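Worksheet: one structure, shown below.
Atoms within each ligand, like the ligands themselves, are counted from 1 in listed order. Small disclaimer: the values here were computed from a predicted structure and weren't measured.
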Amino acid sequence: MAKNYKETLRFPDNFLWGVSTSAYQTEGGIVCDWSGWEKSLERIKGIKKQGLDPEDFICDKACDSYHRYKEDLDLVKDLNCGVYRMGVEWARIEPQPEVFSEKEIEHYRQVLKEAKKRNLKVVLTLWHWTNPVWVQEMGGWANKKVVEYFLVYAKRISQELGDLVDFWVVLNEPMVHVFNGYIIGKFPPNKFCPFQAYKTFRNLVQAQRKVYDLGLKSPVGITALINYFEPAREWCFLERSLASLMHYFWNHKFLKKIKNHIDFIGVDYYFHDRIVWYPPFRKNLNEKVTDMGWEIYPEGIYYVLKYLGKFKKPIYIMENGIADAQDKYRADFIKDHLYYAHKAIEEGVDVRGYFYWSLLDNFEWAAGWDPKFGLYKVNRKTFQRKARPSAKIYSKICQSNSVEI
Ligand code: FCB
């Protein structure tokens, strides 16, 4: 696809511009399945073996957003964003089964009120992979009972905070939890067990459906990590079939099951995979990669949006971002993805918002503190936030509702 670099592309009126974060990656001081795993001897041993420092893989105080949320919300405003995606932490709110912490619920009410004071809309994520320790002890999401507990939690949060929430994300990227947790073991509970993976998949589907059926006042959705899989060689039947198969299992199957239980689709786009028929089945060109080695492939978002358009639901790009410590590619990364999002909109796909991941450099899960996704740098000792040059460019985009390319 040829790019025309001499245009100003305007986005539809009322298009939402935002940034995304999650509770665990930013708040600090959370005790849950993840924090336990990070500090486990096995994990620490594994990291040392690679010659790395275990401290760089422990979330601990994160960005201290639990205490600095007002400052964070001011930064969102400085970006001229109209919406902020944040999360609430189940483990904080419900430290024991059906024992809720009034104090923590009140804390989140304060955060949301501060967002409203600044005239920000809020997307609230209920579950972003982390679980209370008691959920972990029950066997995690592979246990059907967890669905019922989750429902009690979701109901309580919707009663307590619902008046301040504009959009609900029930689950963040459930397929990542299933695959990383139960197939490749990279995330807690660090297993290889296809049967438990299947049960977890099924229970997460149920969770989404049941929370939707609570009939919350604001729109309810999900965030799905949608990859753009394409055959390395269009003429090769095997590669075409493999790419379709991967698309089906990774992108489509979960969405198909919950499509009647979402008011909108939140899409997270980071990955492009060029599929070959021989191991490791992926051969990307990698002309440009992020600090995490992920291929930068903006046109992929166009195909992903075209695919999602078929569900006939409003779409919000709820995560798109780059690990780029030097801020070398970030501004172009955003612009190029917006170029292709705009193209999809022009072709009739109902895309209603774009959220950059992430506001801050935060704790990047199994990859620890090294990847820098933030529009703002965060000093790990003082927690001081500092805008990267790309923040200015993004703020201009948000303010003008357009992108110059
Ligand atoms: C997404 C996660 C988010 C963040 C980005 C880089 O898959 O939802 O928490 O880690 O990747």
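You'll find the ring centres of W17 and F15 inside the 6.0 Å limit. Ring centroids of W250 and F179 are separated by less than 6.0 Å, placing the two rings close together. With ring centers used as reference points, Y270 lies 6.0 Å or more from H337. Aromatic rings of Y153 and F150 (six-membered ring for Trp) have centroids within the 6.0 Å cut-off, being under it.
Using cut-offs of 30° and 60° on the angle between ring planes, the pair H107 and Y66 is parallel.
The shortest N or O to N or O distance between W129 and ligand 1 is not below 3.5 Å. Of the polar atoms of N172, at least one N or O is found under 3.5 Å from an N or O of ligand 1, judged by distance alone. At under 3.5 Å, a nitrogen or oxygen of Q25, whether backbone or side chain, sits near a nitrogen or oxygen of ligand 1. Of the N or O atoms in W365, one or more lie within a sub-3.5 Å distance of an N or O in ligand 1. Not a single N or O atom of S22, backbone or side chain, sits closer than 3.5 Å to an N or O atom of ligand 1.
The shortest distance between side-chain heavy atoms of L359 and T26 does not fall below 4.5 Å.
Counting atoms of ligand 1 from 1 in the listed order, those under 4.0 Å from a heavy atom of H128 are 2 (C), 3 (C), 8 (O), 9 (O). Within the listing of ligand 1, atoms 6 (C) sit less than 4.0 angstrom from a heavy atom of F373.
Taking atom 7 (O) of ligand 1 as the reference point, the nearest protein heavy-atom neighbour is E173 OE1, 2.6 Å. With respect to atom 10 (O) of ligand 1, the closest heavy atom belonging to the protein is E364 OE1, 2.7 Å. Of all protein heavy atoms, the one closest to atom 3 (C) of ligand 1 is E319 OE1, 3.4 Å.
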Please list every donor-acceptor pair under 3.5 Å in which a side-chain atom of residues 52-64 meets a protein atom from a residue at least two apart or in another chain.
residue	atom	partner	partner atom	Å
D53	OD1	E55	N	3.0
D64	OD1	H67	ND1	2.7
D64	OD2	R68	NE	2.9

Which atom pairs, donor and acceptor, lie under 3.5 Å between side-chain atoms of residues 211-226 and protein residues at least two apart or in another chain?
residue	atom	partner	partner atom	Å
Y212	OH	D263	OD1	2.7
S218	OG	V165	O	2.6
T223	OG1	N172	OD1	2.7

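With atom 11 (O) of ligand 1 as the reference point, the heavy atom nearest to it among Y270, Y24, F271 is part of Y270.
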